[in-house]
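As structure tokens, the structure follows; a few thoughts come after it.
These figures come from a predicted structure and were not determined experimentally. When a ligand or atom number is given, it counts from 1 through the structure's own listing order. Here, residue 1 is the first one in the sequence, and each next residue gets the next number.
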Amino acid sequence: MYGNDHSSDAPLNAAEAGGVDEAMAHVDRRDSVDSGDEQERFDALLAADQRIEPRDWMPDDYRKTLVRQIAQHAHSEIIGMQPEGNWITRAPSLRRKAILMAKSQDEAGHGLYLYSAAETLGTSRGEMLDLLHAGKQKYSSIFNYPTLTWADVGAIGWLVDGAAIMNQVPLCRCSYGPYARAMIRVCKEESFHQRQGFEILWNLARGTDAQREMAQDAANRWWWPSLMMFGPPDTGEAAQGTHTELSMAWGIKRFSNDDLRQKFVDMTVPQAQKLGLDLPDDDLAWDDERGHWNFGEIDWDEFWQVVKGDGPCNAQRLEHRRTAHSEGAWVREAANAYAAKQSQRAESAA
Ligand code: BYC
């Protein structure tokens with residue numbers, strides 16, 4: 001954990017709470033798993049909590065689920081650069097600008113790790129990007145909200161990255177090896193992102209009245225969308241119609257969306273108190289019996305509206321992405337031409 005200069009020694013995000021180290025300590029015992037037929041070996045590897053690797057046989061639906069989730073995750077990383085990139089030119093100091101540029105570049109890197117992990121399943125980055133641009137693959141609902149003030153950059157770090165880490169730490173133990181390994185690196189970097197967001201808000205909340213109001217306004221606007229990031233309710237009756245049951249049986253998801261949302265609320269409410277910011281939910285109350293914070297009803301109509309393409313910034317985000325892709329065509333062509341020239345040279349030298 002980094003030094004903690006603004007609150008108690010409590011971890012500030014899930015990556016600091018030991019889950020990543022636990023995943024890194026995973027021991028490969030694949031050789032000790034007896035092989036029967038293909039399906040039996042796949043089941044035995046899962047039962048022994050071993051990783052499935054690209055060369056292994058896997059059921060078609062397992063592969064499809066992973067491509068769907070990893071592609072969606074990769075797209076979220078690169079679309080997620082847009083709302084915060086909006087503030088690079090207007091960051092309040094050179095130090096803040098340098099940090100924000102580094103953070104945005106990290107997100108591009110996360111996209112790359114994830115597209116590479118998905119490619120091990122037989123798809124390609126080009127194919128996934130085409131599906132994103134055609135609206136056939138999704139990205140996280142959260143990035144369809146605007147960043148209106150500098151405090152939004154703080155709220156994205158604190159709440160959005162905080163929620164993302166809560167979801168991603170268990171993915172470091174995902175049954176698919178390349179995804180799990182990519183997530184370990186992503187979580188370490190995200191942890192730093194979350195801290196920089198908390199620190200921005202910490203300073204604003206202790207600044208002038210106007211700065212404190214700006215921090216409060218950002219917390220008001222990002223709180224509920226951050227809770228939606230975990231996905232629709234998926235416990236009890238609500239589990240029907242979601243992917244959770246199967247994904248958990250396959251060791252892709254380790255917790256339900258609802259469990260992770262609750263863990264996030266439990267970790268974040270005391271942090272809001274430290275910051276001196278209110279969270280916009282009159283129903284927030286500690287429940288002694290459950291040992292958790294109760295929270296109010298999430299507006300699932302708003303969530304589905306955003307997921308279906310009708311959020312405040314959906315059209316703008318996709319349009320920007322498509323334009324960036326077409327304006328970058330010459331770079332891809334030049335890289336391909338260079339690679340072809342290199343391999344021709346290598347061939348004629350052989
Ligand atoms: N937004 O059965 P469910 C970041 C969809 S980037 C949109 O629970 P699943 C960062 C879901 O796809 C962090 N759609 O699905 C980057 C499904 O529809 P389809 C992004 C959502 O897959 C830059 C349907 O709802 N993190 O941190 O089992 C700057 C039913 O859901 C959402 C990831 O991508 C949503 N929020 O579970 C700053 C994490 N939620 O596909 C920060 C990896 C649900 O059947 N992904 N849907 O058409 C996951 O862990 C899982 O995919 C989810 C959903 C928990 C998100």
Side-chain angles (χ1 to χ4, degrees), residues 13-15 64-87 100 103-111 113-114 117-118 131 135-145 147 152-153 155-172 174 176 179-180 182-183 186-187 189-194 196-197 222 224-235 238-250 252-261 264 298 300 302-309 311 314 317:
N13 60 64
K64 277 189 199 144
T65 295
L66 280 166
V67 170
R68 179 183 62 76
Q69 176 166 328
I70 303 174
Q72 177 168 331
H73 195 164
H75 299 327
S76 304
E77 297 286 354
I78 60 164
I79 298 255
M81 295 168 76
Q82 292 186 36
E84 57 191 21
N86 182 33
W87 281 91
L100 188 54
K103 179 181 194 270
S104 307
Q105 284 175 343
D106 282 354
E107 312 298 1
H110 297 173
Y113 310 154
L114 287 160
L131 290 167
K136 291 183 179 160
Q137 279 180 350
K138 296 186 163 81
Y139 59 91
S140 180
S141 50
I142 193 74
F143 302 117
N144 295 304
Y145 292 86
T147 40
D152 289 17
V153 175
I156 288 184
W158 175 44
L159 296 174
V160 174
D161 290 322
I165 298 170
M166 188 58 80
N167 161 280
Q168 287 170 188
V169 165
L171 291 174
C172 297
C174 166
Y176 189 58
Y179 192 25
M183 290 323 299
V186 170
C187 282
E189 292 175 2
E190 289 291 357
S191 176
F192 168 75
H193 296 175
Q194 191 261 356
Q196 67 85 41
W222 289 92
W224 290 109
S226 300
L227 297 192
M228 294 175 195
M229 279 176 78
F230 293 93
D234 62 347
T235 39
Q240 282 171 5
T242 68
H243 300 289
T244 299
E245 201 178 326
L246 209 48
S247 284
M248 283 181 74
W250 278 327
I252 297 174
K253 276 177 153 176
R254 298 284 180 172
F255 296 96
S256 68
N257 302 348
D258 290 322
D259 279 349
L260 290 173
R261 190 169 11 251
F264 175 69
I298 294 172
W300 292 112
E302 174 183 325
F303 170 77
W304 288 115
Q305 199 177 323
V306 174
V307 170
K308 287 182 182 146
N314 293 62
R317 299 288 184 243

Practice problem: Would you please classify the geometry between the Phe230 ring and the Phe264 ring as parallel, tilted or perpendicular, with 30° and 60° separating the classes? | Solution: tilted
Self-check item: Contact check, Phe255 vs ligand 1, heavy-atom distance below 4.0 Å
Solution: no
Practice problem: Considering non-hydrogen atoms only, spot the tightest contact between Arg254 and Cys174 and give its length. | Solution: NH2-C, 4.2 Å
Practice problem: Pull out every atom of ligand 1 sitting under 4.0 Å from any heavy atom of Ser141, numbered as shown with elements. | Solution: 1 (N), 7 (C), 35 (C), 36 (N)
Practice problem: Consider every N or O of Lys103 and every N or O of ligand 1, then say whether any pair is closer than 3.5 Å. | Solution: no
Exercise. Could you say whether the N/O atoms of Thr242 and ligand 1 ever approach to under 3.5 Å?
Key: no
Quiz item: Should Ser247 be counted as touching ligand 1, given the test is an N or O pair under 3.5 Å?
Solution: no
Self-check item: Short N or O distance, Met229 and ligand 1, threshold 3.5 Å exclusive
Solution: yes
Quiz item: Among the heavy atoms of Asp234, does any lie under 4.0 Å from an atom of ligand 1?
Solution: no
Quiz item: Distance from Gln168 atom CD to Tyr179 atom OH, nearest 0.5 Å?
Solution: 7.0 Å
Self-check item: Identity and separation of the nearest protein heavy atom to atom 48 (O) of ligand 1
Solution: Lys138 NZ, 2.3 Å
Practice problem: Applying side-chain contact (heavy atoms from CB on, under 4.5 Å), name anything that partners Asp258, two or more places apart in sequence or on another chain. | Solution: Pro233, Asp234, Thr235, Ser256, Arg261
Quiz item: Going by the order shown, which atoms of ligand 1 are within less than 4.0 Å of some heavy atom of Phe230?
Solution: 55 (C)
Quiz item: Which pair of heavy atoms, one from Ser191 and one from Asn13, lies closest together, and at what distance?
Solution: OG-ND2, 3.2 Å
Self-check item: Contact check: Glu77 vs ligand 1, nitrogen or oxygen atoms, below 3.5 angstrom
Solution: no
Self-check item: Close N or O approach (Glu84, ligand 1; < 3.5 Å)
Solution: no
Self-check item: Criterion side chain to side chain contact (heavy atoms under 4.5 Å, CB included) against Asn144, the qualifying member of Val307, Val306, Ile79
Solution: Val306
Self-check item: Criterion side chain to side chain contact (heavy atoms under 4.5 Å, CB included) on His243 and Arg68, from CA distance to verdict
Solution: CA-CA 11 Å; His243 300 289; Arg68 179 183 62 76; 3.2 Å; yes
Practice problem: Starting from atom 37 (O) of ligand 1, locate the nearest protein heavy atom and write down its residue, its atom name and how far away it is, to 0.1 Å. | Solution: Lys253 NZ, 3.0 Å
Exercise. Kindly determine whether Glu190 and His193 satisfy side chain to side chain donor-acceptor pair (under 3.5 Å), including the steps that lead there.
Key: CA-CA 5 Å; Glu190 289 291 357; His193 296 175; 3.2 Å; yes
Quiz item: Hey, is Gln168 one of the residues with a heavy atom under 4.0 angstrom from ligand 1?
Solution: yes
Exercise. Can you measure from CD (Gln105) to CG (Leu100) and round to the nearest 0.5 angstrom?
Key: 10.5 Å
Quiz item: For Thr147, does its backbone N or O pair with a side-chain atom of Trp87 as donor and acceptor, under 3.5 Å?
Solution: yes
Exercise. Looking only at protein heavy atoms, identify the closest one to atom 49 (C) of ligand 1 and say how far it is in Å.
Key: Gln69 NE2, 3.5 Å
Exercise. Report, in ascending order of atom number, the atoms of ligand 1 lying under 4.0 Å from any heavy atom of Ala164.
Key: 27 (O)
Quiz item: What part of Glu107, side chain from CB on, backbone N/CA/C/O, both or neither, has a heavy atom under 4.0 Å from ligand 1?
Solution: side chain
Quiz item: Can you list the ligand 1 atoms lying under 4.0 Å from a non-hydrogen atom of Tyr179?
Solution: 43 (C)
Quiz item: What closest approach, in Å, do Phe143 and Arg317 show between heavy atoms, and which atom pair accounts for it?
Solution: O-NE, 2.6 Å
Practice problem: List the atom of Gly231, the atom of Trp300, and the distance in Å for their closest heavy-atom pair. | Solution: O-CH2, 3.2 Å
Exercise. Considering the heavy atoms of Pro232, write down every atom of ligand 1 situated less than 4.0 Å from one of them.
Key: 8 (O), 30 (C), 31 (O), 44 (C)
Quiz item: Got a second to check how far Gln196's CD is from Ile156's CD1, nearest 0.5 Å?
Solution: 9.5 Å
Quiz item: Closest heavy-atom contact between Ala180 and Cys172?
Solution: CB-O, 3.4 Å
Quiz prompt | Sub-3.5 Å N/O-N/O distance, Asn167 and ligand 1 | solution = yes
Self-check item: Distance from atom 25 (O) of ligand 1 to nearest protein heavy atom, with residue and atom
Solution: Trp304 CH2, 3.6 Å
Exercise. Mind checking salt bridge (charged side-chain N to carboxylate O under 4.0 Å, His left out) for Lys103 and listing every partner two or more places apart, or none if nothing turns up?
Key: Glu84, Glu107, Asp161
Quiz item: So is Asp161 polar-close to ligand 1, meaning N/O to N/O under 3.5 Å?
Solution: no
Quiz item: Quick one: does ligand 1 sit under 4.0 Å from the side chain of His243, the backbone, both or neither, non-hydrogen atoms only?
Solution: both
Quiz item: Is a side-chain N or O of Ser247 found less than 3.5 angstrom from the main chain of Lys253, in a donor-acceptor match?
Solution: no
Quiz item: What residue and heavy atom of the protein are closest to atom 21 (C) of ligand 1, and at what distance?
Solution: Gln72 NE2, 3.7 Å
Self-check item: Ligand-residue contact atoms, ligand 1 with Met228, heavy atoms, under 4.0 Å
Solution: 36 (N)
Quiz item: Quick one: does ligand 1 sit under 4.0 Å from the side chain of Phe143, the backbone, both or neither, non-hydrogen atoms only?
Solution: side chain
Quiz prompt | Shortest reach to atom 6 (S) of ligand 1 by a heavy atom, considering only Ala74, Ser76, Ser140 | solution = Ser76
Quiz item: Which protein heavy atom lies closest to atom 32 (C) of ligand 1, and at what distance to 0.1 Å?
Solution: Phe303 CZ, 3.6 Å
Self-check item: Protein heavy atom at shortest distance from atom 22 (O) of ligand 1
Solution: Arg68 NH1, 3.0 Å
Quiz item: What pair of heavy atoms forms the shortest contact from Ser141 to Met229, and how long is it?
Solution: OG-CA, 4.4 Å
Quiz prompt | Close-contact set for ligand 1 against Gly231 heavy atoms, below 4.0 Å | solution = 40 (N), 44 (C)
Quiz item: Short list, please: which atoms of ligand 1 are under 4.0 Å from a heavy atom of Asn257?
Solution: 8 (O), 55 (C)
